[in-house]
Amino acid sequence: MRVVVAEDSALLRDGLVQLLGMRGVAVVAAVDDADALLAAVAEHAPDAAVVDVRMPPTQTDEGLRAAVEIRRAHPGTGVLIFSQYVETKHAAELLGSGAGGVGYLLKERVVDIGEFVDALRRVAAGGTALDPEVVSQLLGASRRGSALDGLTPREREVLGLMAQGLTNQSIAARFVVSERAVEKHVANIFAKLGLAVGEGGHRRVLAVLRYLEG
C-alpha cells in the first residue's frame with residue numbers, strides 16, 4: 001500500500017512515516033500543507049492519503065477541504081482524516097459523497113498502531129473507518145436529528161460500530177450476540193430513518209450521513 005502523509009507537525013509527521021514503514025506501508029510523500037498534499041496526490045496517485053484537518057496558512061480546515069478535493073479529482077485515492085478536531089461542515093461533505101474510501105479518526109483515541117494501519121488499509125480498499133465521536137458530532141449537528149431520537153441506545157451503538165467499518169459478524173462478536181440479532185438492529189435503524197439497507201456496511205453508513213445532510 002502506497003500513501004501520502006499530510007501533517008504540519010514535523011514530529012508527528014516523521015513519527016507516522018516511521019511507524020507506517022515498520023508496518024510495511026510505503027509513504028511516497030510526507031508534506032506539511034494542503035497545496036503540497038494536492039500536488040503529491042496528483043504526482044504519486046497513492047492508494048490513500050492521511051490528512052490532518054488544520055494546516056497552514058490559517059490552521060483552520062485547509063486539510064479537510066483538500067481531502068474533499070482529492071475525493072473529487074482522484075476518486076481512486078482513499079482519504080483518512082487524522083486529527084485532534086471534528087469539523088462537521090466539510091466532514092459531512094466528505095463522508096456524504098456517496099462512495100467509500102473515507103475515514104475520520106481522532107488522534108487522541110488511537111492507542112494501537114495496528115488498529116490505525118488496519119483502518120488505513122480498509123479506507124484504501126474502499127471501506128470506511130469513522131471514530132464514534134465523529135459520528136456523534138455529525139448526528140448532533142444534523143438539521144434532521146429529530147429522526148434519530150427514535151433509535152434505542154443499542155441501535156446507536158450499532159450505528160457507531162458500523163461507522164467504524166465493522167461487519168455485522170464483528171458487531172455480534174463485540175456484543176456477544178447472534179449475527180441475526182445485529183441484522184435486526186440494522187434493519188430497525190434504517191426503517192426508523194426511512195432508508196433502504198444497502199449491500200455494504202460502509203454504503204449503509206454513508207447513506208445515513210447523506211440523510212443527515214438534508
Indicate yes or no for a side-chain donor-acceptor contact from [X] to the backbone of [Y] under 3.5 Å, with no hydrogens or angles considered.
X	Y	value
Glu155	Thr152	yes
Thr128	Val102	no
Glu115	Val111	no
Arg13	Glu7	yes

Does Phe175 have Arg154 sitting over its ring (NZ/CZ under 6.0 Å from centre, angle to axis within 45°)? yes

With rounding to the nearest 0.5 Å, note down the distance linking [atom1] in [X] to [atom2] in [Y].
X	Y	atom1	atom2	result
Asp14	Leu19	CG	CG	11.0 Å
Leu20	Met1	CG	CE	7.0 Å
Lys107	Ser9	NZ	OG	7.0 Å
Gln169	Glu183	CD	CD	10.5 Å
Asp131	Glu108	CG	CD	8.5 Å
Leu106	Gln84	CG	CD	9.5 Å

Looking at the rings of Phe82 and Tyr104, which for Trp means the six-membered one, are their centres under 6.0 Å apart? no

Contact between [X] and [Y] at the side-chain level, heavy atoms closer than 4.5 Å - yes or no?
X	Y	answer
Tyr85	Leu64	no
Leu105	Leu80	yes
Ile70	Leu37	yes
Leu38	Glu69	yes
Val182	Val177	yes

I'd like to know if [Y] and [X] are part of one continuous hydrophobic network [Ile/Leu/Val/Met/Phe/Trp/Tyr, side-chain heavy atoms within less than 4.5 Å].
X	Y	value
Val51	Val3	no
Val110	Val53	no
Ile81	Ile113	no

Measure across [X] and [Y] and return the closest heavy-atom pair with its distance rounded to 0.1 Å.
X	Y	answer
Leu151	Ile189	CD2-CA, 3.9 Å
Val41	His74	CG1-CD2, 3.7 Å
Arg72	Pro75	O-CD, 4.0 Å
Glu62	Ala34	O-CB, 3.8 Å
Ala30	Val17	CB-CG2, 3.8 Å

Step by step, work out the side chain to side chain contact (heavy atoms under 4.5 Å, CB included) result for Val5 and Val31. CA-CA 6 Å; Val5 171; Val31 301; over 6 Å; no

Would you say the side-chain atoms of Asp8 and Gln59 include a donor-acceptor pair closer than 3.5 Å? yes

Should the heavy atoms of other residues, nucleotides or ligands under 6.0 Å from CZ of Arg109 be counted, would the total exceed 12? yes

Asp47 with Arg2: basic N within carboxylate O range, under 4.0 Å: no

Where do Val27 and Val4 land on the side chain to side chain contact (heavy atoms under 4.5 Å, CB included) test, with the steps shown first? CA-CA 6 Å; Val27 178; Val4 167; over 6 Å; no

Run Val25 and Arg121 through side chain to side chain contact (heavy atoms under 4.5 Å, CB included) and show every step you take. CA-CA 9 Å; Val25 178; Arg121 292 189 184 280; 3.9 Å; yes

Please lay out, stage by stage, how Val79 and Val68 fare under the test side chain to side chain contact (heavy atoms under 4.5 Å, CB included). CA-CA 9 Å; Val79 173; Val68 173; over 6 Å; no

